[in-house]
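Below, all heavy atoms of this structure are taken into account, side chains as well, without hydrogens, waters or symmetry copies.
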Amino acid sequence: MVRTRPLKVALLGCGVVGTQVARLMTVHAEDLAARIGAPLELAGIAVRRPDKLREGGFDPALITTDAAALAAREDVDVVVEMIGGIEPARSLITAAFEHGASVVTANKALLAEDGPALYAQAEKYGADLYYEAAVAGAIPLLRPLRESLAGDKVNRVLGIVNGTTNFILDRMESSGAGYGEALQEATALGYAEADPTADVEGFDAAAKAAILAGIAFHTRVRLDDVHREGLTEVSAADIASARRMGCTVKLLAICERAADGRSVTARVHPAMIPLTHPLASVREAYNAVFVEADAAGQLMFYGPGAGGAPTASAVLGDLVAACRNKLAGARGPGESAYTQLPVSPMGEVVTRYHISLDVADKPGVLAQCAMVFADHGVSIDTVRQTGKDGEASLVVVTHRAQDAALSATVESLRTLDTVRGVASIMRVEGE
């Protein structure tokens, strides 16, 4: 039985995703009402530019520039925040909670910086906070981690969570293009913003890693806890080296529980992964996340990680859940941070490394470099040396070692007269 009195929804922001949310609410109104148990009604849409042409199929009379008044309306049941950024989004969400509304958001930056405070506000006022669309677009990921795997122990989350960077690296791999050329193509196709810094420097992926680690390990992880490296230094030579190793290069978000269970790590950086790993086949602007749990084993979630309609699909899923809870007088899951595990610094992370050195082409160089690795307790797996006209390239792949030990090794290598320079250093993951 569907009740006739509608649940009212306030939409804050009507850009690419917000427009699709409004459109889908209109197009699928009857189905949504049947699934929820009551019809949905757009109470208003807050925008900065009211004169901009929008094609969501909604009544233009719903448009307002007063987001604060809309978020604080007493008759609104759910506020959908699609503005992004820290402020005014934080204040608007807080106002919504204070007036009894639940909140659906895709704001990864705010959640990574201030998630615990938002959870506390939601609990204080008996409201829900949903944010499936904040990580990996349309891919159902956060709810499975939070609910489906609630009875399991997640040990590792390894994923491609930024479509722009995956597109760039895919183009460098498939066409042999350099980073600059691949970025230009991504921009021309609309995958990269005019200012791509948040994507290519790893800020976007780091915010998502903080959210994933917090949910997976039931602890609080903030953006500042996440080690971050972008892909601007990845070269065509790095891509070629990876290919020779039977690997490909991806910008990965990696969240791990320590072997002793007493700490966690969260990091974002380029890495070589074997072509046999499921993430190696993720092409174009797609996202994929690989989850390793005690009982469930290895799980992979794959799909479009961005775009108006795909992301709106995740938003609508959260909206349905929040509205069902409103009707039932219930609440969805709140924050789960009972473990209070510390986040270890990057220096304590253990992984494999691929190091490319420019060296003098003369006898004894390899032995000299190998001694430096041994002095710092870093074991070598394979070495490849090529040389011509007095100059040579030495490529070393290590066994698993601590990041701090590897960093010390590289600094010592730089002091050798026979080492002209360190061409590149890249981690090797997924084995």
Side-chain angles (χ1 to χ4, degrees), residues 81 86 89-90 93-94 96-98 102-136 140-159 161 203-228 253-268 289 291-296 299 301 314 318 321-322 325 330-346 348-349:
E81 185 271 310
I86 306 302
R90 175 165 47 200
I93 289 174
T94 299
F97 287 145
E98 291 173 350
S102 291
V103 171
V104 173
T105 179
N107 196 331
K108 54 190 169 287
L110 179 58
L111 289 162
E113 178 171 304
D114 218 16
L118 296 180
Y119 267 123
Q121 287 287 307
E123 183 174 0
K124 178 179 179 180
Y125 294 102
D128 278 332
L129 174 64
Y130 282 101
Y131 48 90
E132 182 66 60
V135 180
L141 175 61
L142 301 188
R143 189 172 281 110
L145 278 174
R146 188 174 56 234
E147 299 177 26
S148 302
L149 295 174
D152 207 340
K153 179 184 177 184
V154 176
N155 296 310
R156 194 176 197 225
V157 180
L158 174 78
V161 295
F203 290 101
D204 175 84
K208 295 170 181 175
I211 295 169
L212 287 170
I215 294 175
F217 307 134
H218 303 278
T219 195
R220 289 179 174 175
V221 179
R222 299 181 71 252
L223 180 59
D224 290 345
D225 296 323
V226 181
H227 174 82
R228 175 192 55 79
I254 306 169
C255 311
E256 293 179 303
R257 188 191 300 268
D260 62 8
R262 296 179 181 177
S263 64
V264 299
T265 59
R267 51 198 165 102
V268 168
V289 177
V291 177
E292 299 175 11
D294 270 3
L299 308 170
F301 301 83
D318 281 349
N325 291 342
R331 289 188 61 215
E335 183 186 26
S336 177
Y338 70 91
T339 62
Q340 300 182 19
L341 296 172
V343 182
S344 297
M346 187 62 190
E348 295 180 12
V349 169

Measuring only between side-chain heavy atoms, which start at C-beta, is [X] closer than 4.5 Å to [Y]?
X: Arg228; Y: Arg267; result: no
X: Leu110; Y: Thr105; result: no
X: Glu292; Y: Val154; result: no
X: Glu113; Y: Arg222; result: yes
X: Pro333; Y: Tyr130; result: yes
X: Arg331; Y: Glu123; result: yes
X: Phe97; Y: Leu129; result: yes
X: Phe301; Y: Val291; result: yes

Separation between [atom1] of [X] and [atom2] of [Y], rounded to the nearest 0.5 Å:
X: Ile215; Y: Cys255; atom1: CD1; atom2: SG; value: 10.5 Å
X: Glu256; Y: Ser263; atom1: CD; atom2: OG; value: 10.5 Å
X: Phe217; Y: Arg156; atom1: CZ; atom2: CZ; value: 9.5 Å
X: Ser336; Y: Leu145; atom1: OG; atom2: CG; value: 12.0 Å
X: Leu111; Y: Tyr119; atom1: CG; atom2: OH; value: 7.5 Å

I need the minimum non-hydrogen distance between [X] and [Y], along with the two atoms involved.
X: Leu149; Y: Ala296; result: CD2-CB, 4.0 Å
X: Ala266; Y: Val221; result: CB-CG1, 4.3 Å
X: Ala206; Y: Val226; result: O-CG2, 3.7 Å
X: Ala136; Y: Leu141; result: CB-CD2, 4.2 Å
X: Ala133; Y: Asp318; result: N-OD2, 4.2 Å

Taking [X] for its side chain and [Y] for its backbone only, find out whether a donor-acceptor pair lies under 3.5 Å.
X: Asn155; Y: Ala293; answer: no
X: Asp294; Y: Asp152; answer: no
X: Asp128; Y: Gly332; answer: yes
X: Asp225; Y: Val343; answer: no
X: Glu132; Y: Arg143; answer: yes
X: Lys108; Y: Lys208; answer: no

Candidate pair Ser344 and Thr265, rule side-chain hydrogen bond (donor to acceptor under 3.5 Å, both in side chains), full reasoning: CA-CA 5 Å; Ser344 297; Thr265 59; over 6 Å; no

Please evaluate residues Asp114 and Ile86 with respect to the criterion side-chain contact (heavy atoms from CB on, under 4.5 Å), reporting the C-alpha separation (whole Å), side-chain torsions for both, the decisive distance (0.1 Å), and the verdict. CA-CA 9 Å; Asp114 218 16; Ile86 306 302; over 6 Å; no

Test side-chain hydrogen bond (donor to acceptor under 3.5 Å, both in side chains) on Thr339 and His218; report intermediate values, then the result. CA-CA 6 Å; Thr339 62; His218 303 278; over 6 Å; no

Ile254 vs Val157, side-chain contact (heavy atoms from CB on, under 4.5 Å): CA-CA, chis, key distance, verdict: CA-CA 6 Å; Ile254 306 169; Val157 180; over 6 Å; no

List the steps, then state whether side-chain contact (heavy atoms from CB on, under 4.5 Å) holds for Val104 with Tyr131. CA-CA 6 Å; Val104 173; Tyr131 48 90; over 6 Å; no

Kindly indicate, with the supporting measurements, whether the criterion side-chain contact (heavy atoms from CB on, under 4.5 Å) is fulfilled by Asp204 and Val161. CA-CA 8 Å; Asp204 175 84; Val161 295; 5.6 Å; no

